[in-house]
Student: 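Next up is a structure, given as structure tokens.
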Amino acid sequence: MTQITANFSNSLCERPLAIDGISDFDLAETLDCGQAFRWNPAPDGSFTGVAAGRACRVARRGNELLLYGVPQEDYDRFWFSYFDLGRNYRQIKQELSADPVLARAVAYAPGIRVLNQDPWEALASFIISQNNNVKRIKGIIERLCALCGEPIEGGFYAFPTPEALAARTPEDLAPVRAGFRARYLIDAAQKAVSRQIDLAALRTLPLPEAREMLMRITGVGVKVAECALLFGCGRVECFPVDVWIGRVMRQLFPDGLPACAAGYEGIAQQYLFHYARTSGML
DNA sequence: AACCAGGCGCATA
DNA sequence: TATGCGCATGGT
């Protein structure tokens with residue numbers, strides 16, 4: 001008996017693409033630290049997720065990164081950048097560690113990398129994140145993708161495009177159980193479709209203008225705008241301040257971030273966020 | 001049963 | 001400019 005349709009078990013269990021020479025990259029620390037919400041761990045330590053319409057399973061084997069279901073071309077065009085593999089984290093961590101508090105945060109989870117996510121997915125995800133917890137954020141995004149996203153091979157769903165959400169009403173999104181955030185999502189989608197928000201320009205626009213543009217969306221304030229720029233637009237100098245980072249700043253950096261973080265505030269932020277949230281220091 | 005979760009909009013002073 | 005409150009939902 002033959003099966004013609006490729007499915008999850010096929011494409012994600014084939015021989016993986018192996019990338020050698022990987023360092024400063026821990027899958028759990030990076031994929032389960034609250035910067036992306038579509039990665040799920042397996043008992044063997046691998047993670048399966050969807051980003052920018054592509055599903056993949058990732059694992060580590062020594063110094064190799066194993067990518068299942070990923071053609072070489074997709075790695076070159078997307079995943080290499082997504083996992084930020086072109087950036088020298090060893091050097092950045094060394095510079096951050098000039099400050100003793102940052103040094104502790106870096107040493108606590110030295111395998112964190114800041115992912116380069118799609119601008120729209122990051123924006124929508126962090127709209128959903130407000131006044132919410134990571135577990136429920138993931139559930140909302142999963143239901144949103146299943147309801148409004150395009151099916152992709154393997155039983156996964158792409159993140160819904162702005163076009164797919166712009167035509168919906170809050171009532172349409174009721175099954176997603178996003179609460180008061182549903183209308184924020186729709187407003188963001190409509191402004192993206194109408195080009196009131198130029199998602200591509202956010203990558204290069206002067207930061208004050210980029211922030212101002214994002215904050216024209218109902219439900220996008222300073223923090224969500226900063227997250228969209230850091231996680232979705234490659235702006236590693238952005239520094240989102242949530243409740244955890246607020247505590248860190250009051251208690252550990254009353255005079256502001258140390259100078260050694262200049263230019264990499266967003267990367268420092270991710271080490272600090274994870275440290276504050278999971279180490280029990282506060 | 002209050003309180004909290006990767007906040008924000010709005011009213012009020 | 002600065003506070004304070006309500007907001008949907010679900011987990012402690």
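Below, chains carry the letters A, B, ... as their sequence lines are ordered, and counting in each starts from 1.
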Student: Scan for ring-ring contact (aromatic ring centres under 6.0 Å, His included) pairs involving residues 212-235 of chain A, sequence neighbours excluded, and state none if there are none.
Tutor: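 Passing the test, one end in residues 212-235 of chain A: A:Phe126-A:Phe231.
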
Student: Just to be sure I understand: a Watson-Crick pair is purine N1 to pyrimidine N3 plus N6-O4 or O6-N4, both under 3.5 Å. Using that and G-U wobbles, which stems of three or more pairs involve DNA chain C?
Tutor: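 Consecutive-pair runs (3 or more) involving DNA chain C: B:2-5 with C:9-12, B:7-13 with C:1-7.
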
Student: Residues in side chain to side chain donor-acceptor pair (under 3.5 Å) with A:Glu64, at least two apart?
Tutor: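 Checked A:Glu64 against side chain to side chain donor-acceptor pair (under 3.5 Å); matches are A:Arg61.
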
Student: Got a list of protein N/O to nucleotides 3-5 of chain B N/O distances below 3.5 Å?
Tutor:
from, atom 1, to, atom 2, distance (Å)
B:dA5, OP1, A:Arg247, NH2, 3.0
B:dA5, O3', A:Asn132, O, 2.8
B:dA5, N7, A:Asn131, ND2, 3.2

Student: Quick one: side chains of residues 205-218 of chain A, donor-acceptor pairs under 3.5 Å with protein atoms, not counting sequence neighbours, listed by atom name and distance.
Tutor:
from, atom 1, to, atom 2, distance (Å)
A:Arg211, NE, A:Glu226, OE1, 2.9
A:Arg211, NH2, A:Glu226, OE2, 3.0
A:Arg216, NH2, A:Gln196, O, 2.3
A:Thr218, OG1, A:Asp187, OD2, 3.4

Student: Applying the side chain to side chain donor-acceptor pair (under 3.5 Å) test to A:Gln91, which of A:Glu95, A:Gln94, A:Arg87 qualifies?
Tutor: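 The side chain to side chain donor-acceptor pair (under 3.5 Å) with A:Gln91 is passed solely by A:Glu95 among A:Glu95, A:Gln94, A:Arg87.
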
Student: Just jot down the salt bridge (Lys or Arg N to Asp or Glu O under 4.0 Å) partners of A:Arg277, sequence neighbours excluded, or say none.
Tutor: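 None.
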
Student: Atom CD1 of A:Ile127 and atom CG of A:Asn132: how far apart are they, to the nearest 0.5 Å?
Tutor: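 Output value for this atom pair is 13.0 Å.
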
Student: With sequence neighbours excluded, what pairs up with A:Tyr68 under the side chain to side chain donor-acceptor pair (under 3.5 Å) test?
Tutor: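 Residues passing side chain to side chain donor-acceptor pair (under 3.5 Å) with A:Tyr68: none at all.
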
Student: Using the C1' atoms only, state how far C:dG11 lies from B:dC8, rounded to an integer number of Å.
Tutor: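 Per the computed distance, 22 Å lies between those C1' atoms.
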
Student: Pair up each side-chain donor or acceptor in residues 253-267 of chain A with any protein partner under 3.5 Å, not counting sequence neighbours, and list the distances.
Tutor:
from, atom 1, to, atom 2, distance (Å)
A:Glu265, OE1, A:Gly263, N, 3.1
A:Glu265, OE2, A:Gly263, N, 3.3

Student: Hydrophobic side-chain clustering at under 4.5 Å (ILVMFWY, transitive links): who's grouped with A:Leu67? Put none if nobody.
Tutor: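 Listed partners: A:Leu17, A:Ile19, A:Ile22, A:Phe25, A:Leu27, A:Leu31, A:Trp39, A:Phe47, A:Val58, A:Leu65, A:Val70, A:Tyr75, A:Phe78, A:Trp79, A:Phe80, A:Tyr82, A:Phe83, A:Leu85, A:Leu115.
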
Student: First contact, last contact: which nucleotides of DNA chain C are these for chain A, 5' to 3', heavy-atom distance under 4.0 Å?
Tutor: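 Under 4.0 Å from chain A, the extent on DNA chain C is C:dC7 to C:dG10.
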
Student: Of all heavy-atom pairs between A:Gly34 and A:Val134, which one has the smallest distance, and what is that distance?
Tutor: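 For A:Gly34 versus A:Val134, the nearest heavy atoms are CA-CG2, 4.5 Å.
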
Student: Ion pair present between A:Asp74 and A:Arg77, side-chain N to carboxylate O less than 4.0 angstrom?
Tutor: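 Salt bridge between A:Asp74 and A:Arg77, a charged N being under 4.0 Å from a carboxylate O: no.
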
Student: Taking side-chain hydrogen bond (donor to acceptor under 3.5 Å, both in side chains) as the cut-off, I'd like each qualifying pair that reaches into residues 106-120 of chain A, sequence neighbours left out, listed once.
Tutor: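 side-chain hydrogen bond (donor to acceptor under 3.5 Å, both in side chains) check on residues 106-120 of chain A returns A:Tyr108-A:Thr278.
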
Student: Pick the P atom in C:dG4 and in B:dC3, then give their distance to the nearest Å.
Tutor: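 Here C:dG4 and B:dC3 have their P atoms 16 Å from each other.
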
Student: Taking any heavy-atom pair under 4.0 Å as a contact, classify A:Gln270: base, sugar-phosphate, or nothing.
Tutor: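 Answer is base: heavy atoms of A:Gln270 come under 4.0 Å of a base.
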
Student: Quick one: which protein N/O atoms are closer than 3.5 Å to N/O atoms of nucleotides 8-12 of chain B? Pair and distance per line, please.
Tutor:
from, atom 1, to, atom 2, distance (Å)
B:dC8, OP1, A:Gly221, N, 2.9
B:dC8, OP1, A:Gly221, O, 3.2
B:dC8, OP1, A:Val222, N, 3.4
B:dC8, OP1, A:Lys223, N, 3.2
B:dC8, OP1, A:Val224, N, 2.9
B:dC8, O4', A:Gln130, NE2, 3.1
B:dG9, OP1, A:Gly219, N, 2.9

Student: Looking at CG of A:Leu272 and CD1 of A:Ile245, how far apart are the two atoms once the value is rounded to the nearest 0.5 Å?
Tutor: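 If I round to the nearest 0.5 Å, the distance is 5.0 Å.
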
